[in-house]
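Read through the structure below, which is laid out as C-alpha cells, and then see the notes.
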Amino acid sequence: MVHYVDGTKPHGELTLRTLAMPSDANAAGDIFGGWVMAQMDLACGIRAAERAKGRVVTAAVKEMAFAKPMKIGDTLCIYSHIAHVGRTSMVLKVEAWAQRYLSDLMEKVTDADFVMVALDKDGKPTPVPSES
C-alpha cells in the first residue's frame, strides 16, 4: 500500500512511470531537474496527442519549483490532466511524484502547467478536435 507524505495525493491520471538511474544524476546522487522536466514533457506529449488525435508540441511551461529531490533508484511517477482546451492549444496540469527506492512512500517532487499546441501535417497549428 502506497503512503503519501502529508496525506496529499496526486491529481490526474498516471501517465508515465520510469526509474531514476545513475546516468540521470549529479555526483551527489540527486537527479537532474532537467531530467524530471523532460519526463513531464514526455507525459504531456502522450496525453495531449491522445486528446488532439495527432501531433503536438510544447509551446510553454509555466513556473516550476522543486519541493523535494529525486534520488537514484526512485521511481518517477508523472500524473497529468487536461485543464483547458482552446482552439489549437491545451493546458495540462502535471505533477511529478517520487516513489522512494524500495519503499511505499510517495512524495511530490514538482508540478507545472504545460501548454501544448496541436499541429497539422505541415507543422502549422490546427484545431483540437471536440471530444467524441
Side-chain angles (χ1 to χ4, degrees):
M1 186 161 135
V2 175
H3 295 284
Y4 297 96
V5 172
D6 301 328
T8 59
K9 292 186 177 180
H11 296 96
E13 295 179 48
L14 180 62
T15 311
L16 185 85
R17 289 183 77 218
T18 190
L19 186 63
M21 299 296 289
S23 61
D24 307 316
N26 63 23
D30 294 317
I31 300 301
F32 295 119
W35 180 82
V36 172
M37 185 177 181
Q39 303 311 306
M40 293 170 77
D41 194 30
L42 282 171
C44 283
I46 292 167
R47 176 79 61 218
E50 289 171 347
R51 177 62 181 80
K53 297 179 178 38
R55 182 177 169 199
V56 295
V57 292
T58 306
V61 179
K62 305 283 173 93
E63 181 177 318
M64 180 182 292
F66 291 87
K68 302 277 184 177
M70 284 281 304
K71 295 287 191 180
I72 293 169
D74 289 348
T75 298
L76 180 65
C77 303
I78 308 294
Y79 294 83
S80 67
H81 75 274
I82 298 170
H84 174 75
V85 176
R87 193 177 79 75
T88 63
S89 66
M90 57 194 101
V91 176
L92 287 85
K93 301 269 186 194
V94 188
E95 296 181 0
W97 289 71
Q99 183 172 355
R100 299 304 179 187
Y101 184 61
L102 299 178
S103 162
D104 60 0
L105 181 66
M106 291 273 284
E107 292 186 286
K108 187 174 177 181
V109 174
T110 190
D111 61 73
D113 292 351
F114 280 66
V115 179
M116 307 297 286
V117 174
L119 300 179
D120 65 16
K121 62 180 176 52
D122 298 317
K124 304 265 193 250
T126 191
V128 176
S130 59
E131 286 190 283
S132 44

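Note that the numbering runs from 1 along the sequence shown for the chain. On a predicted model such as this, the values are computed, not experimentally measured, just so you know.
A distance-only check finds a donor-acceptor pair linking the side chain of Thr110 to the backbone of Ala65 [under 3.5 Å]. At distances below 3.5 Å, at least one donor-acceptor pair connects side-chain atoms of Glu95 with backbone N or O atoms of His11. Panel note: side chain Gln99, backbone Ser103; a donor-acceptor pair is recorded below 3.5 Å. In this structure, the side chain of Asp74 engages the main chain of Tyr101 through a donor-acceptor pair within 3.5 Å.
Every residue was checked against the side-chain hydrogen bond (donor to acceptor under 3.5 Å, both in side chains) condition with Arg51, not counting sequence neighbours, and none meets it. Not counting sequence neighbours, the partners of Asp122 by the side-chain contact (heavy atoms from CB on, under 4.5 Å) test are Asp120, Lys124.
There is a path of hydrophobic side-chain contacts, each under 4.5 Å, that joins Val94 to Val61. Under the 4.5 Å side-chain contact rule for hydrophobic residues, Met40 and Leu16 share a cluster. Residues Trp35 and Phe66 share a single hydrophobic cluster, defined by chaining ILVMFWY side chains whose heavy atoms lie under 4.5 Å apart. Leu76 and Leu105 are not part of a single hydrophobic cluster, where members link through side-chain heavy atoms under 4.5 Å apart. Note: the hydrophobic cluster containing Val91 does not contain Val85 (ILVMFWY, side chain heavy atoms under 4.5 Å, direct or indirect links).
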Dump the intermediate steps for side-chain contact (heavy atoms from CB on, under 4.5 Å) on Met64 and Asp111, then the final yes or no.
-> CA-CA 6 Å; Met64 180 182 292; Asp111 61 73; over 6 Å; no
Give the C-alpha distance, both sets of side-chain angles, the deciding distance and a yes or no for side-chain contact (heavy atoms from CB on, under 4.5 Å) between Met70 and Gln39.
-> CA-CA 13 Å; Met70 284 281 304; Gln39 303 311 306; over 6 Å; no
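Atom NZ of Lys93 and atom CD1 of Ile82 lie 13.0 Å apart (nearest 0.5 Å). Once rounded to the nearest 0.5 Å, the distance linking OG1 of Thr15 with CD1 of Ile78 reads 8.5 Å. With rounding to the nearest 0.5 Å, the separation of OG in Ser23 from CZ in Phe32 is 9.0 Å.
The hydrophobic cluster containing Leu19 also includes Met21, under a criterion of side-chain heavy atoms closer than 4.5 Å among ILVMFWY residues, counted directly or through chains of members. Counting side-chain heavy-atom gaps under 4.5 Å among Ile, Leu, Val, Met, Phe, Trp and Tyr, Met1 is found in no cluster with other residues. Summarising the hydrophobic clusters (Ile, Leu, Val, Met, Phe, Trp, Tyr; side-chain heavy atoms under 4.5 Å, direct or chained), the residues clustered with Leu14 are Val2, Tyr4, Tyr79, Trp97, Met106. Members clustered with Leu119: Val57, Val117, by chain and number, using a 4.5 Å side-chain heavy-atom cutoff among hydrophobic residues.
Annotation: side chain of Arg47 is in contact with side chain of Glu13 (closest heavy-atom distance under 4.5 Å).
The nearest pair of heavy atoms linking Lys62 to Ala112 is O-CB, 3.9 Å. The two atoms that bring Ala96 and Val36 nearest to each other are CB-CG1, 4.0 Å, heavy atoms only. The minimum heavy-atom distance between Val128 and Ala52, with the atom names listed, is CG1-CA, 4.3 Å. Scanning all heavy atoms of the two residues, the minimum distance from Ile31 to Ala25 falls at CD1-CB, 3.8 Å. Nearest heavy-atom pair across Gly12 and His81 is CA-CB, 3.9 Å.
Residue Lys71 qualifies as enclosed at atom NZ: its count of foreign heavy atoms under 6.0 Å is above 12.
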